[in-house]
Amino acid sequence: MSSNNDNEEIPIIDFSIECSKKIKYACEYIGFCYLKNHGISNEFINEMFSIAKEFFIGISREEKLKYIMNDEYFGFVDLKQEVLDPPHQKIGDYKECFNFGKFQNGKPISQELPKYFEEKSKFIESFEKACHDLCMKVLQSLAISLKIEDNEEGEGKNWFSKRHGYGMKSGDNFRILHYPPITIEEGKVSEDINYNQDIRAGSHTDYGSITLLFQKEIGGLEIQHPYTKKWIQVPVVPNAILINIGDLMEFWTKGLFKSTKHRVIFNKENMNLHRYSIAYFCHAGRDVGLDPIPSEFIIGREREGEGLDESKESKERKRITAGEHLRLKQENTYKPIIINCSN
Ligand SMILES: O=C(O)CCC(=O)C(=O)O
Ligand SMILES: [Fe+2]
């Protein structure tokens, strides 16, 4: 039977058995892997997808715009916003999304919830917690694979998880996404789309430590292979969660782990279809530093990777914290949106 993963470059890893070496290899080689037997049930995930669909389809744009992204970068992001696709090319992202940020006692800390979500907020909070718990397990597995040394506080395998406490002030973000269809009539795209320039999601790396990505049925995600630089497809693998490395992990490992560029494209098979996805971005506490981790694999290693060269900018970056890195990336990506919002 087909594995549903035709390129086979992104490994599918069984998380119910010891797999830290396999995850480490995937993080070094490609920065992405699929986890199966991850402990989050299908029913739970499907329920979250249903809530997302109902929100995007059932609620008017006018209502959604009342909750537009605030200056903490949480809230609703409308279709076709201009974002800066590094190196600073303006593109129109053909997606809408809602950023919940972090929850506490059934409410997001940083922004108001649309009415539609109010009665569902306990469920959404429990989904977010399940994502955070899974991230902690993955981070432990990564710490074990990197043989992070025990210090006086006995950190060792908890080195990462201690820096990602749920209660910490951080950039943790839970996001639901909707990519509406575009249709082609008489050889022309019917929507207001510049086919050569617009994309479903422009290429980017994730800003946090690790990301969980839930895809369902409709593909379109692509990653840029860190070594060959070729764009390769990331098919939907049923019952598996996609995990990817973000910038913070690349900093801590001096580029051993790859914060791989990815994007979501229109293609013939998916452009007529609605695509939904769910992402959980796990970030370290805002004050956590980005110095290399105490690991035999990292100490003495030359820095490598995009943005990790010895240029002036990256020398400065080496000294910054998780919070400062996040702010820098958000400002560069979303400046045009914030400017639009204040008009
Ligand atoms: O929707 C997807 O599959 C990817 C979304 C993504 O990469 C992001 O929101 O950072
Ligand atoms: Fe992403």
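As the structure lists them, so they are numbered: ligands from 1, and atoms in each ligand from 1. We number each residue from 1, following the sequence as shown.
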Suppose I only count heavy atoms of [X] and a 4.0 Å limit; which atoms of ligand 1 are within that range?
X: Tyr179; result: 1 (O), 2 (C), 4 (C), 5 (C)
X: Ser277; result: 1 (O), 2 (C), 3 (O)
X: Asp206; result: 10 (O)
X: Leu177; result: 9 (O)
X: Phe281; result: 8 (C), 9 (O), 10 (O)
X: His262; result: 7 (O)

Using atom types as modelled and distance alone, determine if a side-chain donor or acceptor of Lys157 lies under 3.5 Å from a backbone N or O of Glu155. no
Can you classify the ring geometry of Phe266 versus Tyr94 as parallel (below 30°), tilted (30 to 60°) or perpendicular (above 60°)? tilted
Which option wins on minimum heavy-atom distance to atom 3 (O) of ligand 1: Lys261, Gln215, Arg275, His178? Arg275
Of the side chain and backbone of Thr211, name the one, both, or neither that has a heavy atom under 4.0 Å from an atom of ligand 1.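 The answer is neither.
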Does His204 reach ligand 1, in the sense of a heavy atom lying below 4.0 Å from it?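 Contact present.
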Under 3.5 Å, is there a donor-acceptor pair linking the side chains of Arg263 and Gln224?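 Arg263 vs Gln224: no donor-acceptor pair found between side chains.
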Considering only protein heavy atoms, which is closest to atom 9 (O) of ligand 1, and at what distance to one decimal place?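 So the nearest neighbour among protein heavy atoms is Arg175 NH1, 2.9 Å.
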Any side-chain heavy atom of [X] sitting closer than 4.5 Å to one from [Y]?
X: Phe55; Y: Lys64; result: yes
X: Asp133; Y: Ile40; result: no
X: Phe49; Y: Ile278; result: yes

Is it true that Val264 and Ile218 fall in one hydrophobic cluster, defined by side-chain heavy atoms closer than 4.5 Å?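 As far as the 4.5 Å side-chain criterion goes, Ile218 and Val264 are not connected within one cluster.
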Among the N/O/S atoms of Asp206, which is closest to the Fe ion (ligand 2)? Give the atom name.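 The atom in question is OD1.
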Could you pull out the atom name of the N/O/S atom in His204 that is nearest the Fe ion (ligand 2)? NE2
Output field: ring centroids His164/His283 closer than 6.0 Å: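 Judged by ring-centre distance (under 6.0 Å), His164 and His283 do not meet the cut-off.
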